[in-house]
*Asks:* 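I'd like to ask you about the structure that follows.
We count residues from 1, following the sequence as given. Only this structure's heavy atoms are used, side chains among them; waters, hydrogens and symmetry mates stay out. Please read all numbers here as calculations on a predicted model, not as lab measurements.
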Amino acid sequence: MATPFQEERIFQGSPVSRGIAFGPAHVSARGFSAPEVYQIEEHEIEIEASRFDVAIERTKAQLKNLKDRIQSVSSGDEGLVFEAHSMVLDDPSLLKKVRLAIESRRQNAEFSFYAVMQTFLEAMRRAADPYLRERSIDIEDVCQRVLRNFEINPEHLGPDHQHILVTFDLTPSNTATMDRTKLLGFVTEAGSSNSHTAILARALGIPAIVGLDGAILEITALAPTIIDGYSGKFIVYPTEETTQYYLNLSARRKKAREALENLRDQESNTKDGHHITLSANIEFTHELDLVKEHNAEGVGLFRTEFFLLESDQLPDEEAQLEVYRELTVGTRPHLAIIRTLDSGGDKLSAEPLSEPEPNPFLGWRGVRVSLDRPELFKTQLRAILRASTEGKLGMMFPFISGLSEIRQCREMVSQCMDELTKQGIAFDPDIQIGAMIEIPSAALVAREIAREVDFLSLGTNDLIQYTVAVDRVNHRVANLYRSTHPAVIRLIKATVDAAKEAKIWTGVCGEMATDIRLTPLLVGLGIDELSVGPREVPSVRKALLSLDFDQCQELAKEALQLATSQEIYELTLKTAQKDYPDLFADFSGDGISQDQI
Ligand code: PEP
Ligand code: MG
């Protein structure tokens, strides 16, 4: 029978990457990574308790040694800090709690110690008193020292199992470098659906939930769990009934995916024959297999800041050329669009050692960095131009706020073209050049920008955050991040109109393009291209095939008259549910997150 602490519990967060995953929790809180965790038998409780005692005694001896050494070389009281550290380890209530944790959780001593300390540390980090908050760093230091002093128990050598990661937050680089063979899914306390971590989770096909406020410390490591990446439910100690429900749901989703695969070779036209280019967003060339598998019509966004995962600097021209060639060849006969470096904000920094900015989302981001570092920019532009002979390649610039930046970018491109010509190196002189429209000011001067580029690509993730002043990664305000806000819709419309006037095309490469509830609205607003994660291509294709262009246009006209995001959302949702009900089969009731409406 389940003990009370093994009773089913359901935590609700925001789903950011679809799918169902079943597996034991691997809990890793803030500050430092969790030690290995394993289950122990009743007869091992005392063994674990004494392993803990030994680690504590060892740490105290080390701290005393450190204090003596420092005091022998200094006349001040610097050594007292180690005495203070040692006092933490004498606290009888701490020792008692760890023993109790070993007994009740039946988990190894180092993990029980870690879990108890995490609760304690979290309380300190959230304390109102700044002195206490600062001291949490000292306590972390002591914790790590104790953890290093545990002797490995040879009976339990590294259970290198598949797991579900439960953690406070993940950086995009953590997400991209996690071992996919062991990671079944992840849940985090922080984060939001538009963070780069969420975008990467979708790219990697890992079910994920974010924004599980305050839940992490309540989840016991190794507890059996289920991630429902459709509704954002995270279930700990699921009952048999719940497990069965999710096994069935998982089977149904698999069948539904297979049905969508049958549409793979159909052109993405609406029922009345209006073509929308359905391309893919990728960040790594290995994703080209998925682009092919789902038959996307090109790559609408290749994010290049992920180069910075491997090194602090962008690779040199030759190394970039190799990647861009692979991209161009792999996307043939379709167009691949490379976005020049978009560092800063919540993304990787091109200069990680520079002073942190107070408002990184309003700071040194995107094209601003490229224009301030002409050598870095030119290296990238030259590599793109050189790869353009291999197929159909385009480039676009992120974080454009107005016309002058586009002009400066074009000037740089011209300079690189001149240099290459002089060097006798081939490139495509007609390479398509586009501007990302992701800042409201750019949308409002889209008319002027459109005259000087070949296409506009709406980066709605940023466009929304800058229009409604909601940080896209802050889950506290995620309910205010509304993609159907009338202001956002009107800015999209202004952009499309400007492009049409200049006889160029407009795409959407933000996550809005992925959201099948919004497809009728985007199509009706006159978007020519939707670029979505490769795994999302089948459902968006199905949506496009089911819609009527004329009706979408009517819908968009009506939407532009509405005053609230809720009304616009309901309008587009109604058409989506009527035209492709199958795609909503498992999203009834509370089954769909409204975070992004
Ligand atoms: C966007 O802002 O919508 C976009 C596509 O760019 P990113 O998400 O990389 O900022
Ligand atoms: Mg952006």
Side-chain angles (χ1 to χ4, degrees), residues 14 192-194 270 276 361-362 401 436-447 449-450 456-501 506-528 530 543 547-580 584 587-597:
S14 301
S192 77
S193 11
N194 301 288
T270 58
I276 306 281
F361 274 119
L362 299 179
S401 64
M436 282 194 75
I437 303 295
E438 50 183 353
I439 302 182
S441 60
L444 292 171
V445 295
R447 225 173 166 197
I449 294 176
L456 300 177
S457 185
L458 282 151
T460 48
N461 305 337
D462 280 316
L463 184 64
I464 300 163
Q465 87 161 337
Y466 294 116
T467 305
V468 296
V470 173
D471 178 344
R472 65 193 260 188
V473 298
N474 182 345
H475 74 284
R476 281 178 85 164
V477 284
N479 61 333
L480 296 173
Y481 184 96
R482 303 199 163 235
S483 44
T484 53
H485 192 293
V488 173
I489 303 310
R490 291 173 204 177
L491 289 172
I492 295 177
K493 173 77 164 90
T495 306
V496 172
D497 286 349
K500 292 217 186 307
E501 198 180 299
T506 314
V508 174
C509 63
E511 295 301 300
M512 240 179 126
T514 303
D515 190 336
I516 51 154
R517 297 168 296 179
L518 308 180
T519 320
L521 179 62
L522 292 177
V523 169
L525 286 168
I527 294 296
D528 303 290
L530 294 173
L547 287 167
D548 184 283
F549 183 52
D550 283 346
Q551 278 176 16
C552 291
Q553 283 184 308
E554 287 306 311
L555 179 152
K557 242 189 236 160
E558 200 180 331
L560 286 162
Q561 303 303 318
L562 296 174
T564 64
S565 40
Q566 187 66 27
E567 287 165 286
I568 300 177
Y569 169 71
E570 279 166 14
L571 185 71
T572 179
L573 179 66
K574 204 165 98 198
T575 298
Q577 285 180 328
K578 169 176 74 64
D579 285 358
Y580 33 93
F584 293 89
F587 297 99
S588 55
D590 63 351
I592 192 157
S593 155
Q594 297 215 349
D595 262 12
Q596 287 190 48
I597 63 173

*Asks:* Check S401 against I439 and note the closest heavy-atom contact, atom names and distance.
*Replies:*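 Here S401 and I439 meet closest at CB-CD1, 3.9 Å.
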*Asks:* Going by side-chain contact (heavy atoms from CB on, under 4.5 Å), name the residues that satisfy it together with V468, two or more places apart in sequence or in a different chain.
*Replies:*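 V468 satisfies side-chain contact (heavy atoms from CB on, under 4.5 Å) with I464, V470, H485 once adjacent residues are dropped.
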*Asks:* Ignoring hydrogens, what is the shortest heavy-atom contact between P520 and T572? Give both atom names and the distance.
*Replies:*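 Closest approach of P520 to T572, heavy atoms only: CD-OG1, 3.5 Å.
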*Asks:* Does some side-chain heavy atom of T270 sit less than 4.5 Å from a side-chain heavy atom of D548?
*Replies:*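 In short, these two side chains do not touch, never coming nearer than 4.5 Å.
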*Asks:* Do Y569 and L521 have side chains that approach each other closer than 4.5 Å (heavy atoms only, starting at C-beta)?
*Replies:*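 No, side chains not in contact.
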*Asks:* List in chain and number order the residues that pass side-chain hydrogen bond (donor to acceptor under 3.5 Å, both in side chains) with T575, two or more places apart in sequence or in another chain; answer none if no residue qualifies.
*Replies:*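 side-chain hydrogen bond (donor to acceptor under 3.5 Å, both in side chains) check on T575 returns nothing, list empty.
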*Asks:* Mind checking side-chain hydrogen bond (donor to acceptor under 3.5 Å, both in side chains) for E567 and listing every partner two or more places apart, or none if nothing turns up?
*Replies:*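 Only T564 meet the side-chain hydrogen bond (donor to acceptor under 3.5 Å, both in side chains) criterion with E567.
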*Asks:* Taking salt bridge (Lys or Arg N to Asp or Glu O under 4.0 Å) as the definition, give me every residue that meets it alongside D550, ordered by chain and number, with sequence neighbours left out.
*Replies:*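 Result, salt bridge (Lys or Arg N to Asp or Glu O under 4.0 Å) vs D550: none returned.
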*Asks:* Please examine the side chains of M512 and L458, heavy atoms only from C-beta on, and report whether any two atoms are closer than 4.5 Å.
*Replies:*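 In short, these two side chains do not touch, never coming nearer than 4.5 Å.
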*Asks:* Considering non-hydrogen atoms only, spot the tightest contact between A443 and T495 and give its length.
*Replies:*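 Distance-wise, the nearest heavy atoms are CB-OG1, 3.7 Å.
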*Asks:* Does any non-hydrogen side-chain atom of K574 lie less than 4.5 Å from one of K578?
*Replies:*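 Not in contact.
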*Asks:* Under the rule for salt bridge (Lys or Arg N to Asp or Glu O under 4.0 Å), what residues qualify as partners of E501, not counting sequence neighbours?
*Replies:*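 Listed in chain order: R447.
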*Asks:* Identify the two heavy atoms, one from A498 and one from A450, that lie closest to each other, and give their separation to 0.1 Å.
*Replies:*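 For A498 versus A450, the nearest heavy atoms are O-CB, 3.7 Å.
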*Asks:* Got I492 and I527 here, is their nearest side-chain heavy-atom distance under 4.5 Å?
*Replies:*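 A side-chain contact exists here, since the closest heavy-atom pair is under 4.5 Å.
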*Asks:* Which residues pass the side-chain hydrogen bond (donor to acceptor under 3.5 Å, both in side chains) test with Y466, sequence neighbours left out?
*Replies:*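 Checked Y466 against side-chain hydrogen bond (donor to acceptor under 3.5 Å, both in side chains); matches are R365.
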*Asks:* Would you check if F584 and I516 make a side-chain contact, meaning some heavy-atom pair closer than 4.5 Å?
*Replies:*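 Heavy-atom side-chain distance check passes, below 4.5 Å.
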*Asks:* Which heavy atom of T460 sits nearest a heavy atom of G510, and at what distance?
*Replies:*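 In terms of heavy atoms, the two residues are closest at OG1-CA, 3.2 Å.
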*Asks:* Run the side-chain contact (heavy atoms from CB on, under 4.5 Å) test against D528 and tell me which residues pass, sequence neighbours left out.
*Replies:*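 Residues passing side-chain contact (heavy atoms from CB on, under 4.5 Å) with D528: K500, W505, T506.
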*Asks:* Could I get the full list of side-chain contact (heavy atoms from CB on, under 4.5 Å) partners for A494, not counting sequence neighbours?
*Replies:*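 side-chain contact (heavy atoms from CB on, under 4.5 Å) list for A494, sorted by chain: empty.
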*Asks:* Do N461 side-chain atoms and E511 backbone N/O form a donor-acceptor pair below 3.5 Å?
*Replies:*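 Yes; judged by distance alone, with no hydrogens or angles, the pair exists.
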*Asks:* Tell me every residue that passes side-chain contact (heavy atoms from CB on, under 4.5 Å) with C509, counting only those two or more places apart in sequence or in another chain.
*Replies:*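 Per chain and number, C509 pairs via side-chain contact (heavy atoms from CB on, under 4.5 Å) with N281, L301, M396, M436, S457, S531.
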*Asks:* Can you name the side-chain hydrogen bond (donor to acceptor under 3.5 Å, both in side chains) partners of E554, sequence neighbours left out?
*Replies:*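 Checked E554 against side-chain hydrogen bond (donor to acceptor under 3.5 Å, both in side chains); zero matches.
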*Asks:* Check whether T484 reaches the backbone of I568 with its side chain - one donor and one acceptor, N or O, closer than 3.5 Å.
*Replies:*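 Such a contact is absent between T484 side chain and I568 backbone.
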*Asks:* To the nearest 0.5 Å, what is the distance between OG on S483 and CG on D515?
*Replies:*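 It comes to 6.0 Å.
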*Asks:* Ignoring hydrogens, what is the shortest heavy-atom contact between L456 and A446? Give both atom names and the distance.
*Replies:*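 The answer is CD1-CB, 4.4 Å.
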*Asks:* Just so I know, are the side chains of R482 and Q566 near enough to count as touching, which here means a heavy-atom distance under 4.5 Å?
*Replies:*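 Yes, close enough: below the 4.5 Å cut-off.
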